[in-house]
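Below you'll find the structure, written out as structure tokens, and then a few comments.
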Amino acid sequence: MKSIVVKGTLSGNSASIIEGTIWKALLAFFFPILFGTFFQQLYNTIDAVIVGRFVGKEALAAVGGGSGVFVNLIVGFFVGLTSGGGVLISQFYGSKNQSGIFRSVHTALALSLVCGFLMSVLGILLAPPMLRLIKTPEDTYELSVLYLRIFFLGMIPMSVYNMGSGILRAVGDSRTPLIILIAGCGANIVLDLLFVVLLGTGIAGAAAATVICQLITAAITLTVLVRTKDSYRLSPRKIAFTPHILAKILRLGFPAGVQSSLYTVSNLIIQTFINSFGTDCAAAWAAYGKLDSIFWMIINAMGIAITTFSGQNYGAGKYDRIRRGMWQSLAMAFVLTVAMSLAFYVWVSELLLMFTTDAEVIAQGAAMLRFLTPFWVTYISIEILSGTIRGAGRSLIPMLITVFGVCLLRIIWLFTAVPRNNTVTMVMTSYPITWIVTSLLFWGYYLSGKWLRTGTKIS
């Protein structure tokens with residue numbers, strides 16, 4: 001195979017990741033990811049706040065609820081599929097393989113363009129039947145279809161941004177994606193207020209604002225990649241598939257995509273049960289979901305941090321550092337989760353007022369949050385251990401564990417236990433049960449040591 005001469009150098013971005021104090025390196029990488037994830041979550045949360053307060057609870061249920069779960073189903077698979085690019089680039093970066101970085105960056109971006117197109121087509125075509133399948137309340141169905149069809153028009157720029165930011169994080173730069181997201185979120189707030197409040201375009205305006213902001217963040221991200229002098233510099237004309245690199249990305253990413261989708265399928269089934277309790281319950285679940293997403297973004301940020309940490313140190317052959325990084329990540333995640341659970345439990349009613357003033361919706365949302373927040377701590381091992389294992393190039397076993405421990409077990413619970421006691425609480429119980437079982441399975445695999453292939457050359 002003809003070699004590629006890559007201009008540029010390996011910067012010092014990875015120095016703090018493969019050397020120095022571990023907890024400092026993790027926190028320095030974690031906080032920009034956290035704040036970036038926070039602003040990314042704000043895209044949908046701002047839509048929910050504005051449409052909930054200025055349009056009504058039907059619009060709130062349309063923006064969240066089944067629409068949100070359907071978005072996670074489509075987007076989650078393709079984002080998981082392309083996530084292998086970030087893992088591979090982090091390993092190449094840790095091993096200082098400039099040719100591998102070059103090929104991976106351009107293959108990953110080519111894949112993101114294809115995936116973005118497919119997401120748009122599937123999202124637009126499948127929105128109506130999927131919303132019917134999950135028994136979306138009739139008074140929110142048309143609004144949900146409208147929101148989703150506009151939202152899915154922005155999948156190509158969203159996919160490009162996600163891959164571009166993944167590339168930056170893989171090489172140790174978590175600050176630039178944060179800055180880009182702050183700019184995008186600021187634009188989203190302005191456009192939401194303009195379209196929904198001033199122009200009265202309702203839920204369509206909220207969706208259009210999100211699409212425009214996705215275009216803005218994608219354009220900025222591509223500009224950053226083109227202008228960098230580092231080894232991950234993007235040459236737009238050279239965006240193309242390198243077959244063996246694509247195969248590696250898919251081998252790493254496909255299990256993550258399947259895992260994400262099957263996880264969401266179980267949530268879709270849960271949404272179906274929730275919808276059967278009526279619009280107030282669906283709106284309460286949507287509002288709860290926006291608060292619940294704050295927990296998920298924190299744990300997800302720690303998962304991204306440990307995945308990149310594990311990937312670069314795996315590429316550098318520093319296996320003991322990976323293990324120590326896992327324990328320190330777990331400790332930090334535990335402290336953050338306990339603090340957040342206590343705060344949400346105490347101030348839940350006040351927090352729900354951001355989304356709605358409907359007394360019944362607030363009451364049901366508060367009951368949901370106070371039931372689930374004490375169990376959040378049982379989930380953190382799943383994110384930290386799976387991130388550590390994926391960073392070392394193992395993604396199949398985490399998928400299998402999640403498929404059984406979360407997806408299959410949750411579905412069994414919903415169709416056996418819930419019919420005997422058809423209440424919202426019984427539906428929600430499926431979460432802590434599956435979190436605990438899946439955590440135990442991950443610990444068994446991690447402690448076996450079979451996930452770490454020492455001495456393997458990254459090429």
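Computed from a predicted structure; not experimentally measured.
- Using a 30° and 60° split on the angle between ring planes, Trp451 and Tyr446 fall in the parallel class, below 30°.
- Formation of a donor-acceptor pair under 3.5 Å by the Glu383 side chain with backbone atoms of Gly303 is not found in this model.
- Residue Leu409 forms a side chain to side chain contact (heavy atoms under 4.5 Å, CB included) with just one option from Thr438, Leu414, Thr434, Val403, and that option is Thr434.
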Query raised in the report: Is there a side-chain contact (heavy atoms from CB on, under 4.5 Å) between Arg132 and Tyr141 once you walk through the steps?
Result: CA-CA 8 Å; Arg132 289 296 188 195; Tyr141 173 77; 3.4 Å; yes
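- In this pair, Trp296 and Tyr379 present their aromatic rings perpendicular. The plane angle is above 60°, beyond the 30 to 60° band.
- For Ser120 (side chain) and Phe152 (main-chain N/O), a donor-acceptor pair under 3.5 Å exists by modelled atom type.
- In this structure the side chain of Met155 never reaches within 4.5 angstrom of the side chain of Cys115, judged on heavy atoms.
- Rounding to the nearest 0.5 Å places CE of Met428 at 9.5 Å from CG of Leu369.
- Here the closest heavy-atom approach between residue Ile249 and residue Gly85 is recorded as CG2-N, 3.5 Å.
- By the 6.0 Å contact criterion, CZ on Phe404 is open, its count of non-hydrogen atoms from other residues, nucleotides or ligands being 12 or less.
- Residues Thr217 and Pro157 fail the side-chain proximity criterion, which asks for heavy atoms closer than 4.5 Å.
- If you take CD1 on Ile89 and CE on Met163, they are separated by 7.0 Å, rounding to the nearest 0.5 Å.
- Side-chain atoms of Trp376 never come within 3.5 Å of backbone atoms of Asp292 as a donor-acceptor pair (strictly under, hydrogens ignored).
- Remark: side-chain polar atoms of Ser430 are not paired, donor with acceptor, to backbone N or O of Trp413 under 3.5 angstrom.
- Residues Ala206 and Asp192 approach most closely at CA-OD1, 3.4 Å, considering heavy atoms.
- Panel note: side chain Thr423, backbone Met426; a donor-acceptor pair is recorded below 3.5 Å.
- Side-chain atoms of Ser159 come within 3.5 Å of backbone atoms of Ser112 as a donor-acceptor pair (strictly under, hydrogens ignored).
- Here the side chains of Leu181 and Phe35 are not in contact, with every heavy-atom distance at 4.5 Å or above.
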Report task. Show your working on side-chain contact (heavy atoms from CB on, under 4.5 Å) between Tyr431 and Phe375 and close with a plain yes or no. Result -> CA-CA 8 Å; Tyr431 283 103; Phe375 293 105; over 6 Å; no
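- Taking CG of Leu246 as the start and CG of Leu88 as the end, the distance is 10.5 Å to the nearest 0.5 Å.
- Between atom OG1 of residue Thr210 and atom CZ of residue Phe195 there is a gap of 10.5 Å, rounded to the nearest 0.5 Å.
- Inter-residue side-chain proximity for Phe31 and Leu34 is flagged as met; some heavy-atom pair is nearer than 4.5 Å.
- Minimum interatomic distance between Thr308 and Ala170 (heavy atoms only, all atoms of both residues): CG2-O, 3.9 Å.
- Shortest non-hydrogen contact noted between Val87 and Arg390 is CG1-O, 3.5 Å.
- No side-chain heavy atom of Gln364 sits under 4.5 Å from any side-chain heavy atom of Trp285.
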Requested in this report: Tell me, with the steps shown, if Arg169 and Thr307 meet side-chain contact (heavy atoms from CB on, under 4.5 Å).
Outcome: CA-CA 10 Å; Arg169 292 186 183 114; Thr307 300; over 6 Å; no
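- Between Cys281 and Met368 there is a side-chain heavy-atom pair separated by less than 4.5 Å.
- Residues Ile180 and Tyr161 have side chains in contact (heavy-atom distance under 4.5 Å, counting atoms from C-beta outward).
- The only member of Ser386, Ser83, Pro255 that meets side chain to side chain contact (heavy atoms under 4.5 Å, CB included) when paired with Ser395 is Pro255.
- Residues Met399 and Leu396 have side chains in contact (heavy-atom distance under 4.5 Å, counting atoms from C-beta outward).
- In this structure, OG on Ser341 lies 10.5 Å from CG on Leu372, to the nearest 0.5 angstrom.
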**Report entry** Check against side-chain contact (heavy atoms from CB on, under 4.5 Å), Leu262 and Thr402
**Finding:** CA-CA 9 Å; Leu262 292 178; Thr402 303; over 6 Å; no
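- Aromatic ring centres of Phe117 and Phe78 lie farther apart than the 6.0 Å criterion allows.
- The neighbour count for Tyr445 OH, taken as heavy atoms of other residues, nucleotides or ligands under 6.0 Å away, is above 12.
- In terms of modelled atom types and a separation under 3.5 Å, the side chain of Gln91 and the main chain of Gly391 share a donor-acceptor contact.
- Between Gln214 and Gly154, the shortest heavy-atom contact is CB-O, 4.1 Å.
- The CG atom of Leu352 sits 11.5 Å away from the CG atom of Asp358 when rounded to the nearest 0.5 Å.
- Residue Ile382 comes nearest to Ser439 through the heavy atom pair CG1-OG, 3.4 Å, listed as atom of the first residue, atom of the second, then distance.
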